[in-house]
Amino acid sequence: MPQNSQFTFSVGVWNLHPGADPFGPPVRPERSFAEKLRIFKDYGFDYVQFHDDDAVPDDVTSPQEIERQARELKKMLDDEGMKAEFVAPRIWEDPRSVDGAMTANSEESRRWGLEKGQRAVDVANVLETDRLVLWPAREGTYIRESKDPVRAHEQMLEWYNAILDYDPHIRILGEAKPNEPMDLMYLPTTGHMLAFCYRAGDPNRCGVLIESAHAILAGLDPSDEMAYAIFHGKLWGVHLNDQNGLKFDEDKTFGSANLRRAFNQVDVLTRNGYGNNGEVVGLDVKAMRTQPHEIAAKHLKNSVEVVLMLEDLCKRIDRQEWQSYVDAQDYEGLDLFILRSLLGK
Ligand code: XLS
Ligand code: MG
């Protein structure tokens, strides 16, 4: 935890990446996990986020070998004094998931999707985290008519319940996103995810992780989404980043597209004691494709710096003056007060 901050930070191993996009191959070499860990440590991160196959490659199939490799990884984390924040089942890259893993029309794909989820739970247990982040990437449709949407939600519930039954301690953090890779994704917003939690076999073990960019892609304000999840006692993770309008999922450095929107997120987290129950401030940011290998990690450091500067502003900002504008219903005055504060004036 950085000095004078209420937050602890985490980052995904995929957030240091070789820069490939749908229109071009990698432009930088891949870093080894050990090198990534060193960078995370140097930048002051306490936690690392994993997909199940970031932790143990997919071609390892025997349960004993999965456990052995996960233990090795845990040792590397321990040696650096770091922890795993969560494990997320990667249920979208394998050919068996072309049409989804929970809501696929193929029964074989759905069976595979559940096994993949159980594998992620096994890895999470070894890494000593009770958090499973579920980003339902291909649970939705390319064309609306290809799936029965009511049945699809029942299938997702079956997956949730099977995972909750598989391990009595695991918690599921649903990460909503409205589109990409699908045209229309099921459970596209925080509200959908939260309502879904209450239908699960054990609602107390179901919550959400909110990614700023995903809320923006749904035309919603991330800080209000976070506030709504806090109201439900279910904001168990965040993926702070930024997004410049309704485009592909950009995963930009936090605050880089809209500083005011970033301020409001940090403000809602700060004022509501985010972190008091072990919640971590996660980043899900990507370096620009233009960045040479040597400096293609700055986006991580910069995102943390922006969070810390905004946290500092949240502490310093004159709340009395803020409240006086609210009381007088002088929202034009409040508008300028916020802009001045963001500009340090
Ligand atoms: C993709 C998601 C993904 C999850 C983890 O859009 O943000 O990176 O956070 O599976
Ligand atoms: Mg994310």
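Since we're looking at a predicted model, the values are computed, not measured. All values below come from the heavy atoms of this structure, side chains included, with hydrogens, waters and symmetry mates left out.
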Practice prompt. Run the numbers on D183 and R138 for salt bridge (Lys or Arg N to Asp or Glu O under 4.0 Å), then give the verdict.
Written response: CA-CA 9 Å; D183 176 31; R138 295 192 195 274; over 6 Å; no
Worksheet item: Would you say D335's side chain and Y331's backbone share a donor-acceptor pair under 3.5 angstrom?
Response: no
Item to complete: May I ask you to check whether N241 and D251 show a side-chain donor-acceptor distance below 3.5 Å?
Response: yes
Item to complete: Take I172 and L164, measure what side-chain contact (heavy atoms from CB on, under 4.5 Å) needs, and give me the verdict at the end.
Response: CA-CA 8 Å; I172 304 177; L164 293 169; 4.1 Å; yes
Discussion item. Quick one: does any side-chain atom of N272 pair with a main-chain N or O of Y274 as donor and acceptor, under 3.5 Å?
Written reply: no
Item to complete: Quick one: do R38 and D42 satisfy salt bridge (Lys or Arg N to Asp or Glu O under 4.0 Å)? Show the steps, please.
Response: CA-CA 6 Å; R38 218 167 309 123; D42 284 353; over 6 Å; no
Worksheet item: According to a 4.5 Å side-chain heavy-atom criterion applied to Ile, Leu, Val, Met, Phe, Trp and Tyr, with indirect links allowed, do Y166 and V123 form part of one hydrophobic cluster?
Response: yes
Worksheet item: When you check the gap from the basic side-chain N to the acidic O, do K75 and E72 get nearer than 4.0 Å?
Response: no
Discussion item. For a 4.5 angstrom cut-off between non-hydrogen side-chain atoms, does Q291 reach K298?
Written reply: no
Worksheet entry | Side-chain touch D46/F9, heavy atoms, less than 4.5 angstrom | no
Discussion item. To check you understand the geometry: which heavy-atom pair defines the closest contact between R144 and P149, and what is its length?
Written reply: NH2-CG, 3.4 Å
Worksheet item: If every non-hydrogen atom of A227 is compared with every non-hydrogen atom of V268, which pair is closest and at what distance?
Response: CB-CG2, 3.8 Å
Worksheet item: For E158 and R151, what are the C-alpha separation, side-chain angles and deciding distance, and is it a salt bridge (Lys or Arg N to Asp or Glu O under 4.0 Å)?
Response: CA-CA 10 Å; E158 286 160 15; R151 178 74 195 119; 3.2 Å; yes
Worksheet item: Shared ILVMFWY cluster between L310 and L235, side chains joined below 4.5 angstrom?
Response: yes
Item to complete: Evaluate the criterion salt bridge (Lys or Arg N to Asp or Glu O under 4.0 Å) for residue pair R71 and E67; output intermediate values, then yes/no.
Response: CA-CA 6 Å; R71 282 197 190 289; E67 187 180 332; 2.8 Å; yes
Worksheet entry | Expected output: side-chain D53 to main-chain V56 donor-acceptor under 3.5 Å | no
Discussion item. Testing D58, D94, D122 one by one against K116 for a salt bridge (Lys or Arg N to Asp or Glu O under 4.0 Å), which residue passes?
Written reply: D58
Discussion item. Would you say M185 ends up clustered with I216 if hydrophobic residues are merged whenever their side chains have heavy atoms under 4.5 Å apart, either directly or through other cluster members?
Written reply: no
Worksheet item: Do Y228 and H232 have their ring centres less than 6.0 Å from each other?
Response: yes
Worksheet item: Could you walk me through whether N258 and D242 pass the side-chain hydrogen bond (donor to acceptor under 3.5 Å, both in side chains) check?
Response: CA-CA 7 Å; N258 186 329; D242 215 347; over 6 Å; no
Worksheet item: Would you say the side-chain atoms of S256 pair up with the backbone N or O of K252, donor to acceptor, closer than 3.5 Å?
Response: no
Worksheet entry | Any donor-acceptor N or O pair under 3.5 Å, side chains K83, T129 | no
Response to the item:
Note: L37 and E80 closest approach over all heavy atoms is CD2-CG, 3.7 Å
Fill in: NZ-CD1 distance between K234 and I230, expressed to the nearest 0.5 angstrom
14.0 Å
Practice prompt. Just say parallel, tilted or perpendicular for the rings of W322 and F263, cut-offs at 30° and 60°.
Written response: tilted
Practice prompt. Flag this pair as yes if the NZ/CZ of R110 is under 6.0 angstrom from the six-membered ring centre of W159 and inside a 45 degree cone about the axis; otherwise no.
Written response: no
Practice prompt. Using side chain to side chain contact (heavy atoms under 4.5 Å, CB included) as the criterion, point out the one residue from E154, H153, Q155 that pairs with T103.
Written response: Q155
Fill in: Note, V126 side chain near I66 side chain (heavy atom, < 4.5 Å)
no
Worksheet item: If you look at every heavy atom in E225 and A215, which pair is closest and at what distance?
Response: CG-CB, 3.9 Å
Fill in: Flag side-chain contact, heavy atom, 4.5 Å: T189 against M193
no
Worksheet item: Can you find a heavy atom in the side chain of L283 that is under 4.5 Å from one in the side chain of H239?
Response: no
Discussion item. Are L300 and F45 packed together at the side-chain level, in the sense that at least one heavy-atom pair is separated by less than 4.5 angstrom?
Written reply: yes
Practice prompt. Measure from the side-chain N and O atoms of D130 to the backbone N and O of I170, and report whether any donor-acceptor pair falls under 3.5 Å.
Written response: no
Worksheet item: Is R111 salt-bridged to E108, going by a charged N under 4.0 Å from an acidic O?
Response: no
Practice prompt. Measure across G237 and L173 and return the closest heavy-atom pair with its distance rounded to 0.1 Å.
Written response: N-CD2, 4.1 Å
Worksheet item: Does the Q243 side chain pair with the main chain of G245, one donor and one acceptor, at a distance under 3.5 Å?
Response: yes
Discussion item. Does any part of the side chain of W92, heavy atoms only, come nearer than 4.5 Å to the side chain of P181, both counted from C-beta?
Written reply: no
Worksheet item: Would you say the side-chain atoms of Q265 and S212 include a donor-acceptor pair closer than 3.5 Å?
Response: yes
Worksheet entry | Pair F50-F33, side-chain contact (heavy atoms from CB on, under 4.5 Å): steps then yes or no | CA-CA 11 Å; F50 296 93; F33 176 68; 3.6 Å; yes
Worksheet item: Would V238 and L209 satisfy side-chain contact (heavy atoms from CB on, under 4.5 Å), going step by step from the backbone distance to the final call?
Response: CA-CA 5 Å; V238 291; L209 175 149; 5.7 Å; no
Discussion item. Has E211 got a side-chain atom pairing as donor or acceptor with E175's backbone, closer than 3.5 angstrom?
Written reply: no
Discussion item. Rounded at 0.5 Å granularity, tell me how far CG in L334 sits from CG in D327.
Written reply: 11.0 Å
Worksheet item: Does the side chain of N264 pick up a donor-acceptor pair with the side chain of D221 at under 3.5 Å?
Response: no
Practice prompt. Could you tell me whether Y160 and F196 have their ring centroids closer than 6.0 angstrom?
Written response: yes
Worksheet item: Looking at side-chain heavy atoms only, is the closest gap between L157 and M102 below 4.5 Å?
Response: no
Worksheet item: Is a side-chain donor-acceptor pair under 3.5 Å present for S5 with E311?
Response: yes
Worksheet entry | K345 charged N/C atom sitting above F337 aromatic ring, 6.0 Å / 45° | no
Worksheet item: Cluster question for you: counting only ILVMFWY and a side-chain heavy-atom cut-off of under 4.5 Å, with indirect links fine, are V306 and V266 together?
Response: yes
Worksheet item: For residues Q49 and S10, is any side-chain donor paired with an opposing acceptor at under 3.5 Å?
Response: yes
Worksheet item: Between H51 and W14, what is the ring plane arrangement, given parallel below 30°, perpendicular above 60°, and tilted in between?
Response: tilted
Worksheet item: Is a side-chain N or O of D165 found less than 3.5 angstrom from the main chain of A162, in a donor-acceptor match?
Response: no
Practice prompt. Any chance you could lay out the side-chain contact (heavy atoms from CB on, under 4.5 Å) test for R261 and S223, step after step, and finish with the verdict?
Written response: CA-CA 7 Å; R261 196 167 52 194; S223 68; over 6 Å; no
Worksheet item: Is L240 linked to W135 within one hydrophobic cluster, defined over Ile, Leu, Val, Met, Phe, Trp and Tyr using a side-chain heavy-atom separation of less than 4.5 Å?
Response: yes
Discussion item. I'd like to know if the side chain of R319 reaches the main chain of C314, judged simply by a donor and an acceptor atom lying under 3.5 Å from each other, with no hydrogens or angles considered.
Written reply: yes
Item to complete: Spell out, as yes or no, whether a donor-acceptor pair under 3.5 Å connects the side chain of R31 to the backbone of K36.
Response: no
Practice prompt. Would you mind checking if D54 and R90 are paired as a salt bridge, meaning a charged N to carboxylate O distance below 4.0 Å?
Written response: yes
Discussion item. To check you understand the geometry: which heavy-atom pair defines the closest contact between N161 and G201, and what is its length?
Written reply: OD1-N, 2.7 Å
